[in-house]
Amino acid sequence: MSDYRPQAIESKWQQAWTDARAFEVSEDAARPKFYCLEMFAYPSGHAHVGHVRNYIIGDVVARMKRMRGFNVLHPFGWDAFGLPAENAAIKDGIHPQTSTFANIAHMKGQLKRLGISYAWEREIATCQPEYYKWNQWLFLKMFERNLAYRKRSTVNWCPSCQTVLANEQVVDGACWRCGSAVLQRELEQWFLRITAYAEELLAGTERLHQWPDKVLTMQRNWIGRSAGVRVRFPLVPLDREAVAGPDASPAPADIEIFTTRVDTIYGATFVLLSPEHEMVEHFARGATSPSELLARVDRFRAQDRTARLTGEIEKEGFDTGRQAINPFTGQNIPIWIANFVLAEYGTGAIMAVPAHDQRDFEFARKYGLAVKVVIQPPSGDRLEDDTMEAAYVGDGRVVESAEFTGLASTAAIGRMSEAAERRGIGRRTVQYRLKDWGISRQRYWGTPIPILYCDRCGVVPVPPEDLPVLLPRVATFTGRGDSPLAHVAEFLNTTCPRCGGAAQRETDTMDTFFDSSWYFYRFCDPRNDELPFHPATVAYWAPVDFYSGGVEHAILHLIYSRFFTRVFRDLGMVHHDEPFARLLTQGMVLKAGAVMSKSKGNVVDPDDMINRYGADALRVYVMFVAPPEKEVEWTDAGLEGSFRFLNRLWRIVDGVCETIGGDGIPAPDQERLSGAERALRRKTHETIRRVTLDLDPRVHLNTAVSALMELVNELYVFCDGAGCLRAMVRTDAESVGTLERIETVTVLKEAVESLVLLLSPFAPHMAEELWQRLGHAGGIVSAGWPAFDEHVARHEEIVVPVQVNGRVRARLRVPAEASEGELRSLALADPAVQRFTQGRTVKNVVVARGKLVNVVVQ
RNA sequence: GCGAAAGUGGCGGAACUGGCAGACGCGCCGGACUUAGGAUCCGGUAGCCGAAAGGCUAUGGGGGUUCAAAUCCCCCCUUUCGCACCA
């Protein structure tokens, strides 16, 4: 008998696991595989209990699957590139390389102290050339296949910091660091053509049955498919254009718009262009006062980009003075420029139908533009152009629309689309909200993009044999200037592999989401130096069977990974479409009602908790406190409760170790058991069943822990009855020997050993220690997961509540197999029931066998 | 504004497919053991009425379906999350 000393036990077993390389695996065609993965970590320095919760969830699943005979791959690594390290370098002068590896070392220690069963032999860090070389390799493959391309695009630019800012770094139109007004600037950027897979990524969401609906909905919204028609509205030419000088570019003939509501086209009374529309410059040249027009456009363009995107801006516009012809009505309609029309969606131009679009309606009323009703609602209230107070956006009957008049608006969409195509003025298209992914970052701490610019040959990819393009060790970080790499002459200047002439390297680095979009494949084959991974190895392990992480990655990381998986598939390297079969999004841990963060000063450091209560108690508490998906509030008292539970479990198991630990104790013989022994045995098998099913397929870790608590409580009751409790609890060794019946020992042994095995995914150190003390030489994994006997778990006698008119009035103690008729007559004969049925007529008796009887009276 | 999810004791949470609401834990109250207890073990703990037996009321609010509703349907309220001029 000894006290529970978590610190000693935990370091003992952690050392044993490390020495034995206990969690390293290799492909084994004879065993079923299980790939269990938690989202890898950004090495910020310290993991708090919020981060750690995710790793514990994954570890419980991995350990359980291992015990159930699966060949479990459970790796971990570091999303090691990224802005914070670089910003820290700017601030403190510590090189990102130095701080990143120091942070990794610390966090790895934290995870080891938690006893997470990672195959550390497979650890990767994305900032190592051995990893990012394959980012570059993949980028080149994408470049070859025209999935990576260069394009000018608008970015947020801080004139004071001289750098590009991500959208999230622009706060109310100002730079987050210095507060200067952010400008829009055009830059050449590299893009990945994720839109080529838009349709497939959308369709795939229908087959991800083991993902949370919430995430799937978010991805569908993000992709934002809308089917519609592009229609060309011819320009009404200006007289002046006919006599334009020889230097003038040819006058464009029409404006193309995109609409999902072509059924309303007869109500299109004007055209709106975005301020960025290419036609704007052309109109300016022909305008009576070009500078005035351009000045007004510039004012729109200068309006805060995020405000324009989010619609928190007053809708404004002005007339260009030009007109277009509505190709369906043949009428001339004015062309305006409006600040709310987005350049990056559709064609950057829309047909305005004020009667049937609220934004257009407000705009038309504000500026006195024509409103024309072309859909009448089915309700019968007739809409009038002049009196309507809001746009009618629903379906209805088409009116005032030539040969389409009288059609249902839904049918008119098809007919009008056909008409537009037949007349050669439009075509059906599908438009996505999803945009190609801009991956260029004007930053240092990322993967160099493997491209050269040669004066003679132009854009030249780095030959694969020259990979990796190593990130040079830049000495100073000032936070000024565009890409830090542009100032490193040895890096920048090189020779063109095609012509041998002078060339310059691309100095931007990749968005770090590139790194995280395929790391789960690298884990399968982490030291391969010929390929990112061997296809056969990935074919064995992939897809990931269980993936867990925060909801904050519901869109970006998860959609990029699905995109990359399809690229690898098209390269012939993987043979599946989806990388993650099952996804669990774990809830955050709050402290004082807020998300833990260093700046708020409310972080709970797992190391503090481990020092006080041990890793096992922390693990049990975090799993017990709530279902994994839910947000939870951290409480020290709850952790203490879990610590108490482990102590209680320890005492009773350790107390009976000697009695039940010996050899030669047979399995329980059901026929010879006493009532109490049967009850314990039943509880044991019930618990095995509950924990088994709570862990797999459900991942209800909290109720699994509560089932273990119940079994421990039952053990105390049993031992109390068997007369051994006092003895054990009080260390009086002499009375331990009071267990005289061999049957008592057999059921106790079965209960205690099952308990220890079921506990092991949650509290692995304690379980290993107790298992050893119970006299087992092999570890927990070789013991395997306990099996339950449905027959033993079943109650022989059950209590059936009897209701009268839905209220419980009595309880019947009956054999489990009591028939409907028996239950019925027993219920009606019960005196407590009769009190309520006396003097009334029994109309009905509902018997749910094994569950309940309801007597309906009067 | 649109969409989704959720709302259960003092607290975290249970409740399989409609079948005893509140498992398990925290907290609190009582008892035992003790020089002592903040350790441990045992018991109690939704609210109201009642000495008790027992009864009544309760799963955000209001209606409905059903022998039976936390669970299914309708309306409303609140909270959280996501999207937000996407033509």
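Proteins get letters first, then strands, A, B, ... in listed order; numbering begins at 1 in each.
- Looking at heavy-atom distances under 4.0 Å, Val802(A) makes no contact with the nucleic acid at all.
- The gap from the C1' atom of rA69(B) to that of rC20(B) amounts to 14 Å, rounded to the nearest Å.
- Rounded to whole Å, the separation between the C1' atoms of rC81(B) and rG27(B) comes to 31 Å.
- Side-chain proximity of Arg644(A) to rA15(B), rC67(B), rC26(B): nearest is rC26(B).
- More than 12 heavy-atom neighbours from other residues, nucleotides or ligands sit within 6.0 angstrom of CD on Gln358(A).
- On the P atoms, rC29(B) is 44 Å away from rC73(B), given to the nearest whole Å.
- Of the P atoms belonging to rG61(B) and rG7(B), the separation is 13 Å, rounded to the nearest Å.
- Across rA15(B) and rG25(B), the matching P atoms stand 16 Å from one another, rounded to whole Å.
- The residue Asn702(A) sits close only to the backbone: its heavy atoms come under 4.0 Å of sugar-phosphate atoms, none of a base.
- Within the 4.0 angstrom heavy-atom criterion, only backbone atoms of the sugar-phosphate kind lie near Lys630(A); the bases stay farther away.
- For rA4(B), the OP1/OP2 oxygens have no side-chain nitrogen or oxygen of Arg220(A) closer than 4.0 Å.
- The residue Arg689(A) sits apart from the nucleic acid: no heavy atom pair falls under 4.0 Å.
- In this structure, Gly224(A) reaches neither bases nor backbone, as no heavy-atom distance under 4.0 Å exists between it and the strands shown.
- Look at the P atom in both rG64(B) and rU71(B): the space between them is 15 Å, to the nearest Å.
- When heavy atoms are screened at a 4.0 angstrom cut-off, Arg809(A) is found touching the sugar-phosphate backbone but no base atom.
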*May I have the step-by-step check of side-chain contact (heavy atoms from CB on, under 4.5 Å) for Val699(A) and Glu629(A), ending in yes or no?*
CA-CA 10 Å; Val699(A) 189; Glu629(A) 296 84 355; 5.6 Å; no
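- Note that Arg648(A) lies in the cation-pi zone of Tyr716(A), set by a 6.0 Å cut-off to the ring centre and a 45° limit from the axis.
- As judged by a 4.0 angstrom heavy-atom cut-off over every strand, Asn221(A) is placed among residues making no nucleic acid contact.
- Nucleotides rC76(B) and rA68(B) have their C1' atoms positioned 26 Å apart, rounded to a whole Å.
- An OP1 or OP2 oxygen of rG25(B) is reached within less than 4.0 angstrom by a side-chain nitrogen or oxygen of Asn713(A).
- When heavy atoms are screened at a 4.0 angstrom cut-off, Thr217(A) is found touching no nucleic acid atom at all.
- Annotation: Lys366(A), atom NZ; neighbour count of heavy atoms from other residues, nucleotides and ligands within 6.0 Å is above 12.
- Per the geometry, CZ belonging to Phe643(A) stands 14 Å off C1' belonging to rG38(B), to the nearest Å.
- Paired with Tyr613(A) under the rule ring pair (Phe, Tyr, Trp, His ring centres under 6.0 Å), one option of Tyr621(A), Phe645(A), Phe643(A) passes, and it is Phe643(A).
- Comparing the P positions of rG38(B) and rC11(B) gives a spacing of 26 Å, expressed to the nearest Å.
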